[in-house]
Amino acid sequence: MNTSAPLNVTNEITCPHCGTAFTVDEAQYADIVQQVRTVEFEAELHARLAEAEKVKQTEIALAVANATRQEHEAAAAKDVEIERLSATIKAAVTDQELAVAKAVSTVEKELSSVKSRLELQTAEQKVKDATLKESHAKELAVKDDLIARYKDMKAKLSVKLLGETLEQHCEIEFNRMRSLAFPNAEFAKDNDASAGTKGDYVFRDYSDDGIEYVSIMFEMKNESDISATKKKNVDFLAKLDKDRNDKGCEYAVLVSMLEEDSDLYSGITDVSHLYPKTFVIRPQFFLAIIALLRNAAQDTITVKSELEQVKKQNIDITDFESELESFKSAFGRNYDLAKRKFDGAIKEIDAAIDRLQKVKDALLGSENNLRLANDKANALTVKKLTKGNPTMQAKFAEIESFDETDAA
């Protein structure tokens, strides 16, 4: 039905069934048109929805058919691919088994070759080991023979000779360096046994002006390898300390070959906790200990020189006092003698006239002693008292100079 026909001005509507024409106003006409449009629209909408549903069902059926077909095609392709991959895997497994078999064969061949070479090397090494053992056995036999000869030689040496051998070693080492390192030093055997014992060597070093600034008492001890009783270093320290004090040495050093396996006596060992300023050393450190003690004592040269000067001044003063005391003593003895004789003469005079001559002789003797004492007193001068005493001469010269200065 065509609902868009133009309306006439009078809004006349003709019935399609009976052909009757009637006139309506504009509002009625619009309402009729709306009703007509709604019915037609719904009818057309239902028709189109029905048609769209048919199309949809058709498309769904087509899509299901296509999906089913594609699924069958994919399954068929998958089966084909599976079969291809299975064939490929079987071929790869076969190739791998062949490669493994080939590799195992190659390795077995190489292993067999290596075993053969190893067996050959083992045989060669056994020959070398046998040769080396034989060579070592010969070398050991030679060394054992040398050791046996050395032990036999040491066994034949007396204990005194062993000690003298070590002393000679130390003396040679010192003399070899004497002119270079110790030009003012003395190193000699200790031959003074007046105190009951003596050491082996005494070292003394002096400054350029003759002042002794370091002194060392040395004792050398060696021992045979086959000695039944092994001595220890500490057994000799007490005697060494006594010898050091008896000979007026500052340090004591024991040069020792005893206790060869001791870790304590491996070089220079300070044993001052047992005995003051005492050391135990191995022979190779003989010159080193002298150099160490000498260098340590060089800082005291100036102090010792000043101390020596003070000692000399004290000796000069002591000598002057001694001369003065000697004069006083001599004068006192003469005076006492004269006084005793004079007193005796007075007693003799009081006791008896008959002993007058004896009293006279006693008086003459007293007079003579007084004369001698007077002569000694008159002859005593400062010059005589200070003769041979430079310190007191210098002191009196200073006093005279001071007196002259005050007089001026």
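Predicted, not measured: the structure shown is a model, and the values here were computed from it.
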More than 12 heavy atoms of other residues, nucleotides or ligands under 6.0 Å from [atom1] of [X]: is that the case?
{"X": "Glu73", "atom1": "CD", "answer": "yes"}
{"X": "Glu139", "atom1": "CD", "answer": "yes"}
{"X": "Gln96", "atom1": "CD", "answer": "no"}
{"X": "Arg69", "atom1": "CZ", "answer": "yes"}

Nearest 0.5 angstrom please: [X] [atom1] to [Y] [atom2], how far?
{"X": "Asp246", "Y": "Ser194", "atom1": "CG", "atom2": "OG", "value": "7.5 Å"}
{"X": "Glu83", "Y": "Glu81", "atom1": "CD", "atom2": "CD", "value": "10.5 Å"}
{"X": "Lys242", "Y": "Leu240", "atom1": "NZ", "atom2": "CG", "value": "11.5 Å"}
{"X": "Glu53", "Y": "Thr58", "atom1": "CD", "atom2": "OG1", "value": "9.5 Å"}
{"X": "Asn184", "Y": "Glu212", "atom1": "CG", "atom2": "CD", "value": "12.5 Å"}
{"X": "Asp79", "Y": "Ser86", "atom1": "CG", "atom2": "OG", "value": "10.5 Å"}

Is the shortest side-chain heavy-atom distance between [X] and [Y] below 4.5 Å?
{"X": "Val253", "Y": "Glu219", "result": "no"}
{"X": "Ser256", "Y": "Ile281", "result": "no"}
{"X": "Leu293", "Y": "Ile216", "result": "yes"}
{"X": "Cys249", "Y": "Arg204", "result": "yes"}
{"X": "Leu258", "Y": "Phe236", "result": "yes"}
{"X": "Lys221", "Y": "Met257", "result": "no"}
{"X": "Val202", "Y": "Ser215", "result": "no"}
{"X": "Ile60", "Y": "Val64", "result": "yes"}

N-O pairing of [X] and [Y] below 4.0 Å:
{"X": "Asp192", "Y": "Lys198", "result": "no"}
{"X": "Lys231", "Y": "Glu259", "result": "no"}
{"X": "Glu59", "Y": "Lys56", "result": "no"}
{"X": "Glu250", "Y": "Arg244", "result": "no"}
{"X": "Lys133", "Y": "Asp129", "result": "no"}
{"X": "Asp243", "Y": "Lys247", "result": "no"}

Main chain of [Y], side chain of [X]: is a donor-acceptor contact present, judged purely on distance under 3.5 Å?
{"X": "Asp235", "Y": "Lys232", "value": "yes"}
{"X": "Thr131", "Y": "Val127", "value": "yes"}
{"X": "Arg294", "Y": "Ala181", "value": "yes"}
{"X": "Asn175", "Y": "Glu171", "value": "yes"}
{"X": "Ser272", "Y": "Pro276", "value": "no"}
{"X": "Ser105", "Y": "Ala101", "value": "no"}

Q | Reference residue Phe218; test ring pair (Phe, Tyr, Trp, His ring centres under 6.0 Å); the match among Phe286, Phe203, Tyr201 | A | Phe286
Q: Check each of Lys109, Arg117, Glu110 against Ser113 using the side chain to side chain donor-acceptor pair (under 3.5 Å) test, and report the only one that passes.
A: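 Going through Lys109, Arg117, Glu110 one by one, the side chain to side chain donor-acceptor pair (under 3.5 Å) with Ser113 is satisfied by Arg117 alone.
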**Q.** Parallel, tilted or perpendicular: rings of Phe182 and Phe174 (30°, 60°)
**A.**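 Aromatic pair Phe174/Phe182 classed parallel.
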Q) For the ring pair Tyr206 and Tyr213, is the centre-to-centre distance below 6.0 Å? A) no
Q | Worked check of side chain to side chain contact (heavy atoms under 4.5 Å, CB included) between Val271 and Phe279 | A | CA-CA 5 Å; Val271 291; Phe279 300 87; 5.7 Å; no
Q. For Leu292 and Ile268, what are the C-alpha separation, side-chain angles and deciding distance, and is it a side chain to side chain contact (heavy atoms under 4.5 Å, CB included)?
A. CA-CA 11 Å; Leu292 286 173; Ile268 297 176; 4.0 Å; yes
Q. Given Leu254, which of Thr278, Thr269, Val280, Val234 fulfils the side chain to side chain contact (heavy atoms under 4.5 Å, CB included) condition?
A.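 For Leu254, the side chain to side chain contact (heavy atoms under 4.5 Å, CB included) check succeeds only for Val280.
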Q) Just checking, is any N or O donor in the side chain of Gln125 or Gln121 under 3.5 Å from an acceptor N or O on the other one? A)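 Checked: Gln125/Gln121 side chains show no N/O donor-acceptor pair below 3.5 Å.
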(Q) Is it true that Asn66 and Gln70 share a donor-acceptor pair across their side chains at a distance under 3.5 Å? (A)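 There is no such pair (donor and acceptor under 3.5 Å, judged by atom type) between the side chains of Gln70 and Asn66.
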Q) Should Glu173 and Arg176 be marked as a salt bridge (charged side-chain N to carboxylate O under 4.0 Å, His left out) after you check the CA-CA gap, both sets of side-chain angles, and the distance that decides it? A) CA-CA 5 Å; Glu173 286 296 305; Arg176 191 164 55 85; 2.6 Å; yes
